[in-house]
Structures are given as structure tokens and as C-alpha cells.
Amino acid sequence: MWDDFDQEPDWDDENEFDPKSMRDQIYSHPLMKKAMEIVSLTHALVGSLDEARKELYGGMMMQDATVMSAKFAGAEGVDSFILKMENATIMKVHARHLLSMTYQLAMEETHAEEHLQLLREAINEFRILFVDWVKSFDSAERYDDGWGLFI
């Protein structure tokens, strides 16, 4: 039984997983580039908050921004329609929450409207790219996951 582990694995060169190629593909995607821009803009906004608001909002805002890019990478790394849709849904929720935070900050008059508008515009550009990206999912990979969503 243990002797099987001494043998070289029989890799199919055509289908061999190339992590560097996958990473390059993910990070060169326009949606990931926009997500990373949103992380930078959010970081700048959070960095300029006073200490009380930074403690209150900063963590949530940075989490929203970083989850968007992390879930994109997760979705791009799988073929499963269900997993792609789950990740896409989480991305949408975090993008909408981050957008709502720009209006909260505007009501509290913490930033110049132009700074908040930059983040809003980036999120809208993300949304447009997101819609096209979701349309590219292969629904042939759809299956019943037992939760009744996306079937």
C-alpha cells in the first residue's frame, strides 16, 4: 500500500495546474484590477478618518473592500457555477455595503464629497464589469447543492 507513494505521479501535462499562470490570470482580470483600486481608495478614506470613526467604520470598510477581491479570486479558481454564484453574491453584498458607507460618511460630513464620489464611481465601474463577468459563468456546471439556491 505505501509503496504506491514511491512512484512518480502520472501528471497529464496538458491539464497540469499552473499556480503562477492562474495567479497572473486572476490579477490581470479587469474586475480584479478594479477591486484592487477599490481597496486602495478605501484604505485612503479610512486612513483619513478621525480615530473614533476609524474604529467604528474602518474595519468594516476595509473588510468590504478586501472581501470583494478575495471572493473574485475564489470564484475564478473554480469551474463550479454554484461556487462562482456564491462568491459573486458575497462580492455584491460587500460592494453595496461599502457604497452605503460612503453615504454614511457624507451624512457625518467626514470627507469632501469629491473623495467619497471617487469611491462611488469605482464601485459603479466594478458593478458594470461584475455584470459582464457573471454573464460569462457556464450554467452547465450547475447542480443541486442541497440549499436550493442558483438551481
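- The shortest side-chain heavy-atom distance between D79 and D138 does not fall under the 4.5 Å cut-off.
- V93 is not connected to M91 by any chain of hydrophobic side-chain contacts under 4.5 Å among Ile, Leu, Val, Met, Phe, Trp and Tyr, and they are in different clusters.
- Both L116 and M60 belong to a single network of hydrophobic side chains, linked directly or stepwise wherever heavy atoms of I, L, V, M, F, W or Y lie under 4.5 Å apart.
- Of the inter-residue distances, the one linking I26 atom CD1 with S21 atom OG reads 9.5 Å to the nearest 0.5 angstrom.
- For S69 against V39, the heavy-atom pair with the smallest separation is OG-CG2, 4.4 Å.
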Would you list the atom pairs, donor with acceptor, under 3.5 Å between side chains in residues 144-151 and any protein atom, with sequence neighbours excluded?
from : atom 1 : to   : atom 2 : distance (Å)
D144 : OD1    : G146 : N      : 2.8
D145 : OD1    : W147 : N      : 2.9

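- Smallest separation of non-hydrogen atoms from K54 and V46: CE-O, 3.3 Å.
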Practice task
Report the C-alpha distance between F126 and L31 in whole Å, list the side-chain angles of each, state the deciding distance to 0.1 Å, and finish with yes or no for side-chain contact (heavy atoms from CB on, under 4.5 Å).
Solution key: CA-CA 6 Å; F126 180 88; L31 193 57; 3.4 Å; yes
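- Side-chain contact check for L45 versus L49: every heavy-atom pair is 4.5 Å or farther apart.
- Annotation: H29, atom NE2; neighbour count of heavy atoms from other residues, nucleotides and ligands within 6.0 Å is above 12.
- A single hydrophobic cluster is not seen to contain both I128 and L41; linkage of ILVMFWY side chains at heavy-atom distances under 4.5 Å, directly or through other members, places them apart.
- Residue V67 is not grouped with residue M32 when hydrophobic side chains (ILVMFWY) are merged at heavy-atom distances under 4.5 angstrom, including chains of intermediate members.
- The neighbour count for Y143 OH, taken as heavy atoms of other residues, nucleotides or ligands under 6.0 Å away, is above 12.
- The two residues T42 and A65 have their closest heavy-atom pair at OG1-CB, 3.7 Å.
- Summarising the geometry, atom CG belonging to L99 is positioned 7.5 Å from atom CG belonging to L119; distances are rounded to the nearest 0.5 Å.
- Note on residues 120-132: pairs passing side chain to side chain donor-acceptor pair (under 3.5 Å), not counting sequence neighbours, are K34-E125, T102-R120, E113-R120, Q117-R120, N124-R127.
- Expressed to the nearest 0.5 Å, how far CG of L98 lies from CD1 of I38 amounts to 7.0 Å.
- K33 and Y27 get closest at one heavy-atom pair: CG-O, 3.8 Å.
- Rounding to the nearest 0.5 Å places NZ of K84 at 13.0 Å from OG1 of T89.
- In terms of the side chain to side chain donor-acceptor pair (under 3.5 Å) criterion, K135 has no residue partners (sequence neighbours excluded).
- The side chain to side chain donor-acceptor pair (under 3.5 Å) test applied to S48 returns H111, not counting sequence neighbours.
- Scanning for side chain to side chain donor-acceptor pair (under 3.5 Å) contacts around H97 gives D64, with sequence neighbours left out.
- Atoms CE and CG, on M68 and N87 in that order, are 13.0 Å from each other to the nearest 0.5 Å.
- Both M22 and M36 are assigned to one and the same hydrophobic cluster, defined by single-linkage of ILVMFWY side chains at heavy-atom distances under 4.5 Å.
- At least one side-chain heavy atom of V134 sits less than 4.5 Å from a side-chain heavy atom of M85.
- Below 30°, between 30° and 60°, or above 60°: for W133 and F137 the angle between ring planes is above 60°, a perpendicular geometry.
- Side chain of S139 to main chain of R142: no donor-acceptor pair is present (N/O by atom type, distance under 3.5 Å, no hydrogens or angles).
- R53 pairs by the side chain to side chain donor-acceptor pair (under 3.5 Å) definition with D50, E108, not counting sequence neighbours.
- Atom CZ of F72 is separated from atom CD of E76 by 4.0 Å, given to the nearest 0.5 angstrom.
- Nearest heavy atoms, E37 versus A122: OE2-CB, 4.0 Å.
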